[in-house]
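To start, the structure under review is shown below, and the notes come after it.
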Amino acid sequence: MKNIAILEDEDGAAELLISYIEKYSAVTGQKFEIMRFKSAVEFLADYKSVYAVIFSDIQMPEMNGMDAAVELRKRDKTVSIIFITNLVQYAQRGYEVDAVSFLVKPVSYFDFSMKFKKALDIYVMNEERSITVNLPGGLCRISTDKLMYVEIINHRLYYHLIDGVIEMTGVLSAVEKELSGYGFLRCNKCYLVNPKFVVNVKGANVVVGNRTLQISRPRRAEFLAELANWFAGSGADNA
């Protein structure tokens, strides 16, 4: 069973979405637990990373849906977000918070079902490759597919994502153990690298995304061998 959240201050609009989710459940056989919130402030007050899809109206009192999504992404990088709006000009800002899609009112069931399926598929893909980190403000769920590398400086861990950096206290050896199943490689005592973001290796340096990281001399041979194995396996998987 997957949890679905609806952020909608209008009762009629919320009831329509609930009826569509129930219809989709009946058609597909999938089970959903639906939670409805009348304000984004209420939703974020005690947020937990338990939702697969969030339907969010954009125009709401206290805090609009777009600003709520910005705050949400600080705590949950994997949940699928679908915005509901009368105004299509919000589409550009939707990309900034990695929204799956938009539903324009009045929402039709056909449009809803197509975008709901896409959101569920994306969530399942992210969930299979996600980890949860314990931050001072609570738990944060991130997708390893968006994690470029992890860095440690003076006992502080920095998770460098494609859309930001998460900082917390910890030890790199524990993170290395957690990420071992996702292909991450250690190039020196300070970095764990996601090989999918490796651009090139030259001398004692590896370029990850737009950052140049150092490869330590003791780890160079092992790192290059592991990286070559990863690329060989990745190529075979894509063949």
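No hydrogens, no waters, no symmetry mates; every other heavy atom, side chains included, goes into these values. We number each residue from 1, following the sequence as shown. Remember, predicted model here, so these are calculated numbers, not experimental data.
- At least one side-chain heavy atom of L147 sits less than 4.5 Å from a side-chain heavy atom of L179.
- E222 and R219 are not joined by a salt bridge, as no carboxylate oxygen comes within less than 4.0 angstrom of a charged side-chain nitrogen.
- Rounded to the nearest 0.5 angstrom, M114 CE and S101 OG are separated by 12.0 Å.
- Here the closest heavy-atom approach between residue G65 and residue F83 is recorded as O-CE2, 3.6 Å.
- L224 approaches V201 most closely through the heavy-atom pair CD2-CG1, 3.7 Å.
- A side-chain donor from one of T169 and R156 sits under 3.5 Å from a side-chain acceptor of the other.
- For R36 and E8, the salt-bridge test fails: no basic side-chain N is under 4.0 Å from an acidic carboxylate O.
- Scanning both residues, M66 and F102, for their nearest heavy atoms gives CE-CZ, 4.4 Å.
- Of all heavy-atom pairs spanning F184 and P195, the tightest one is CA-CD, 4.2 Å.
- Annotation for N188 and S216: closest pair CB-CB, 3.6 Å, computed over non-hydrogen atoms.
- Side-chain atoms of N194 and Y149 form no donor-acceptor pair, as typed in the model, at a separation below 3.5 Å.
- Between atom NZ of residue K118 and atom OG of residue S80 there is a gap of 9.5 Å, rounded to the nearest 0.5 Å.
- Judged purely by distance below 3.5 Å, without hydrogens or angles, the side chains of D76 and T78 pair a donor atom with an acceptor atom.
- Figure legend: cation-pi geometry between K2 and Y123 absent, as NZ or CZ is not positioned both under 6.0 Å from the six-membered ring centre and within 45° of its axis.
- To the nearest 0.5 Å, atoms NZ (K77) and CD1 (I131) are separated by 12.5 Å.
- Of the inter-residue distances, the one linking L172 atom CG with C190 atom SG reads 8.0 Å to the nearest 0.5 angstrom.
- To the nearest 0.5 Å, the span separating CE on M125 from OG on S143 amounts to 7.0 Å.
- Using a 30° and 60° split on the angle between ring planes, F37 and F43 fall in the perpendicular class, above 60°.
- The pair D9-K38 fails the salt-bridge criterion, with no side-chain N (NZ, NE, NH1 or NH2) lying under 4.0 Å from an Asp/Glu carboxylate O.
- Rounding to the nearest 0.5 angstrom, the gap separating the CG atom in L192 from the CD atom in E176 is 5.0 Å.
- Looking at every heavy atom in both residues, Y24 comes nearest to K117 through OH-CB, 3.4 Å.
- Ring geometry for Y20 versus F112: interplanar angle of 30 to 60°, hence tilted.
- Classification of D57 and K105 as a salt-bridged pair holds, one side-chain N sitting under 4.0 Å from a carboxylate O.
- Aromatic ring centroids of F55 and F116 lie under 6.0 Å apart.
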